[in-house]
Amino acid sequence: MKEEFLLLSKIKWVYSYSDKYIYPSFPKVFMTLKIELEKQLLKLLELVYSANYNRGSIRQKYQREILVCVGMCDSLIGLIKDKKIITNKRFLAFTNALNEIRVLNIGWMESIEKGSFYNTTRKEAANI
């Protein structure tokens with residue numbers, strides 16, 4: 001049985017959480033914030049797939065972009081909270097998940113730098 005890629009599953013959770021609890025509370029006046037947050041979350045998902053598929057310096061580039069994207073989501077959700085669009089409880093749930101994503105990604109980056117990440121071919125990696 002394959003283990004679920006934790007980083008990917010956490011991002012999927014954040015996306016579905018946003019869809020269920022963050023987006024419905026947006027007034028029409030602040031739709032640009034909603035759209036930008038959704039774009040950043042989709043970009044985050046794309047970057048994780050890209051980083052997982054690639055190797056070497058290309059992977060590192062995508063991993064750094066993941067950190068930038070998480071920072072953007074963090075800033076956007078802060079603005080959304082400041083505008084009182086979401087409750088403090090939902091804000092905390094969202095930011096805690098973003099912090100977990102950040103920690104998981106940094107751990108992934110460090111494991112590769114230290115060489116503890118598995119060194120396999122793409123075909124072998126697909127079976128892990």
Side-chain angles (χ1 to χ4, degrees):
M1 184 174 138
K2 289 184 184 180
E3 249 185 73
E4 180 72 23
F5 186 30
L6 288 177
L7 184 59
L8 182 60
S9 64
K10 183 53 80 171
I11 292 169
K12 286 179 179 179
W13 182 88
V14 168
Y15 188 80
S16 65
Y17 182 84
S18 298
D19 200 34
K20 191 172 184 179
Y21 297 109
I22 305 289
Y23 301 149
S25 57
F26 270 85
K28 289 185 180 182
V29 177
F30 298 115
M31 279 304 185
T32 54
L33 282 175
K34 174 187 172 183
I35 292 167
E36 188 58 34
L37 180 63
E38 188 172 17
K39 282 197 307 193
Q40 289 297 321
L41 289 174
L42 288 172
K43 182 179 178 184
L44 189 59
L45 194 60
E46 179 184 349
L47 289 170
V48 169
Y49 277 110
S50 297
N52 194 41
Y53 179 76
N54 290 291
R55 300 277 184 249
S57 62
I58 296 171
R59 173 179 276 173
Q60 291 172 344
K61 173 187 165 259
Y62 285 122
Q63 288 172 327
R64 286 190 302 270
E65 286 183 34
I66 289 169
L67 292 176
V68 171
C69 198
V70 168
M72 281 298 299
C73 289
D74 209 6
S75 296
L76 287 168
I77 201 70
L79 285 171
I80 291 165
K81 182 189 174 286
D82 291 344
K83 303 267 185 209
K84 298 185 183 348
I85 297 170
I86 59 170
T87 64
N88 197 43
K89 182 180 174 184
R90 290 180 179 172
F91 170 76
L92 290 175
F94 192 92
T95 54
N96 286 339
L98 285 180
N99 286 335
E100 287 180 42
I101 291 168
R102 188 178 287 119
V103 167
L104 287 170
N105 188 58
I106 290 171
W108 185 23
M109 292 169 74
E110 288 174 352
S111 70
I112 292 170
E113 288 173 7
K114 292 179 183 175
S116 64
F117 192 75
Y118 58 88
N119 294 320
T120 60
T121 64
R122 288 192 200 285
K123 191 173 186 181
E124 292 170 336
N127 294 326
I128 292 178

task: To the nearest 0.5 angstrom, please state how far the CE atom of Met31 sits from the NZ atom of Lys34.
output: 4.0 Å
query: Rounded to the nearest 0.5 Å, what separation is found between the CG atom of Leu37 and the OG atom of Ser18?
result: 5.5 Å
field: Separation of Leu92 CG from Ile77 CD1 (nearest 0.5 Å)
entry: 10.5 Å
- prompt: Are there more than 12 heavy atoms of other residues, nucleotides or ligands under 6.0 Å from atom CZ of Phe26?
  reply: yes
message: Rounded to the nearest 0.5 Å, what separates atom CG in Leu76 from atom CD1 in Ile22?
response: 11.5 Å
message: Please say yes or no: joined through hydrophobic side-chain contacts below 4.5 Å, possibly via intermediate residues, are Tyr49 and Ile11 part of one cluster?
response: yes
message: Is there a path of hydrophobic side-chain contacts, each under 4.5 Å between heavy atoms, that joins Tyr17 and Leu98?
response: yes
field: Set of residues satisfying salt bridge (Lys or Arg N to Asp or Glu O under 4.0 Å) with respect to Arg102, sequence neighbours excluded
entry: Asp74
message: Which heavy atom of Phe30 sits nearest to which heavy atom of Lys83, and what is that distance?
response: CE2-CD, 3.5 Å
query: Are Leu45 and Leu8 side-chain neighbours, meaning at least one heavy-atom pair lies under 4.5 Å?
result: yes
- prompt: Quick one: OG on Ser9 to CD1 on Ile101, what's the gap to the nearest 0.5 Å?
  reply: 9.0 Å
- prompt: Is a salt bridge present between Glu65 and Lys61, judged by a nitrogen-to-oxygen distance below 4.0 Å?
  reply: yes
With Leu44, the side-chain contact (heavy atoms from CB on, under 4.5 Å) member among Val68, Val14, Val70: Val70
field: Co-membership, hydrophobic cluster, residues Ile106 and Leu47, 4.5 Å side-chain
entry: no
query: Do Glu36 and Thr32 touch side chain to side chain, with heavy atoms closer than 4.5 Å?
result: no
- request: For the residue pair Met109 and Arg59, establish whether any side-chain heavy-atom pair is separated by less than 4.5 Å.
  value: no
Ile85 to Pro27 - nearest heavy-atom pair and separation: CG2-CD, 4.1 Å
query: Do Val103 and Ile112 share a hydrophobic cluster (ILVMFWY, side-chain heavy atoms under 4.5 Å, transitive)?
result: no
message: Applying a strict under-4.5 Å side-chain criterion to I, L, V, M, F, W and Y, I'd like to know whether Tyr62 and Leu6 cluster together.
response: yes
message: So that I know where these two stand, are Phe94 and Trp13 an aromatic pair - ring centroids less than 6.0 Å apart?
response: no
- prompt: Is there a side chain to side chain contact (heavy atoms under 4.5 Å, CB included) between Ile86 and Tyr21 once you walk through the steps?
  reply: CA-CA 8 Å; Ile86 59 170; Tyr21 297 109; over 6 Å; no
message: Just so I know, are the side chains of Asn52 and Trp108 near enough to count as touching, which here means a heavy-atom distance under 4.5 Å?
response: yes
query: How long is the span from the CG atom in Leu7 to the CD atom in Gln63, to the nearest 0.5 Å?
result: 9.0 Å
message: Main chain of Tyr15, side chain of Asp19: is a donor-acceptor contact present, judged purely on distance under 3.5 Å?
response: no
